[in-house]
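Working notes for the structure below.
Quantities reported herein were computed from a predicted structural model and do not represent experimental measurements. Ligands are counted one by one from 1 in listed order, and the atoms in each one are counted from 1 as well.
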Amino acid sequence: MSLALYRKYRPSVFADVIGQEHVTVPLSNALESGRTHHAYLFSGPRGCGKTSSARIMARSLNCEKGPTPNPCGDCQSCKDLVANGPGSLDVIELDAATHGLVDDARDLRDKAFFAPVQSRYKIYIIDEAHQLGPGAANALLKVVEEPPAHVIFIFATTEPDKLIATIRSRTHHYPFRLVPPGTLAAHLEKVCNSEGVKVDKGVIPLVVRASGGSVRDALSVLGQLLAGAGKDGVSYEIAIQLLGFTDGALLDDAIDAIAAHDGATLFKTIDRVIESGHDPRRFTSDMLERIRDLMIVDALKDSTSNSILRDMPDDQMERMRNQANRIGTANLSRAADIAAEGLTQMRGATAPRLILELICGRILLPIGDNTEAGMLSRIERLERAENIAPLTTSSRSSETRTAELKESTNSAHSVSDVTLSKAEEVKTTTPTKDSAPVTTPKVPGNFDIAALRRAWPDVIEDVKKRRRLTWSLLSASAQVLSVDESAITIGIVNAGAKESFERSESDVILRNAFIDVVGLDRKIAVVVDPSIDTNTPAARETRTSEAPGDAVLLSGAALLAKELGAKIVEGK
Ligand SMILES: [Zn+2]
């Protein structure tokens, strides 16, 4: 690749400028109708087409058949001003960043009055215009105020507010913007096609994110990836390594663990993040982005979210829909707050890993937080716990869970896999106030619940081949809750589905599917886990209008507080 991609794909006409239609369309119309102005200001972030557009504007103005938005491409001026062409004597580019431009500005002031050498207009493109010193600006002002008919100025700047007001007020201002991800992705795909290099699905979205919406940055990152492409093109793994992004599998494991309130797996995942050399800050920021994506998925449901997160591979989309459902709106919003706050704390922190672990602990354990979001997510969790077992045992079940979370928060580095409370236990234990020993069974640690959850879609596919009924009971409404030496516990959405599952002896089918797909032979235990799909806005609305109010709010908080031996804030 001899030429950098961003130079090679630099546009020569407005129609080829990416993602700036709000600017290029009115400019094209002005050229078409001949209502051009003598001074323009192109502002906007770096790398989104200001300078290229200034050159295109000059080319369009000076085409022999112009001014026209569609320069002919055949005349001398068009050839001179084509992207990466030799340039024209009548189009003068000055970079205010290199020096104050004082001398150049005086020179310009003197020469501007001479007619153009061979074209219609003498066009000055002044880049980084906000860096014009006062001397240079004043020298220019004279010409900008009363320009000869053949002179046109195009100022380009990232900081239009810093351009002196007397000049700015004489320009037509066109603000350029960062390019939306969808538009940028489509452009990058085109570039890959014309370069003849295959890239794995998922690579382009990584490039788009790395570029932050700048076409120039995106093409420069892509250029680096393409340069290192092997026979089979650019693989997702190579892109991850080069761009330093968090491995999606780690992110999925972390989010799955949060969804399952599974502290042990979550902290193990953090350990893997650090062990594999990922930067904790980067991981936190990726996690925050994922939570944001999940909020979008949660808000839009189904197909509509696909048009916003269109760069997601389909299987990833499906996984995220599932995750969003299980975590719930209130918990997502709260997790986002915690992650964002933690990210700020990480700036300059000497122990970012510690902060990452604290973030995860807080996401798992919403207590001592009397904000509305904190309350809401506590209620969500209590409702889930209550729905797992009858009222008398519900506090026991959430106690077991809470104790487990507490434990995993305390001993982040030595946790082993811990199962959620098993169904049998919930039935036999009764809550006692102080003395109830936490009997959460411990497991040697060789059961990777995250791996099991990853394999779940394949298990379901296998079930489908065995028995359609079992498949239909599981496919949209079940999840893996835990695994230990004796059983794999499956959460199923409601009591009816659980009953059908048991009556139809579907556990044998599922057990065999697990043996086939994962090679793990375990008894199947089933519990009702309504958290799987009770988080639709409609369902929540019904709940809110039927039930709670302050009383429930308080009792919910008090219950959790009692369990943790914490003090509830008085009042309210
Ligand atoms: Zn031409």
Practice problem: For Y9 and S194, run side-chain hydrogen bond (donor to acceptor under 3.5 Å, both in side chains): C-alpha distance rounded to whole Å, both residues' side-chain angles, the deciding distance at 0.1 Å, then the answer. | Solution: CA-CA 10 Å; Y9 289 91; S194 45; 3.1 Å; yes

Quiz prompt | salt bridge (charged side-chain N to carboxylate O under 4.0 Å, His left out) between R353 and E357, intermediate numbers included | solution = CA-CA 6 Å; R353 174 194 179 137; E357 285 167 340; 3.0 Å; yes

Exercise. Mind running salt bridge (charged side-chain N to carboxylate O under 4.0 Å, His left out) on D256 and R326 for me, showing each step along the way?
Key: CA-CA 9 Å; D256 278 338; R326 283 185 285 145; 3.0 Å; yes

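The Zn ion (ligand 1) has C63 SG, C72 SG, C75 SG, C78 SG as its protein N, O or S neighbours under 2.8 Å.
Within a 6.0 Å sphere centred on CD of E64, heavy atoms belonging to other residues, nucleotides or ligands number 12 at most.
For the ring-ring contact (aromatic ring centres under 6.0 Å, His included) condition, no pair includes a residue of residues 183-227, sequence neighbours left out.
Taking CZ of R59 as the reference point, atom OG of S88 lies at 12.0 Å (rounded to 0.5 Å).
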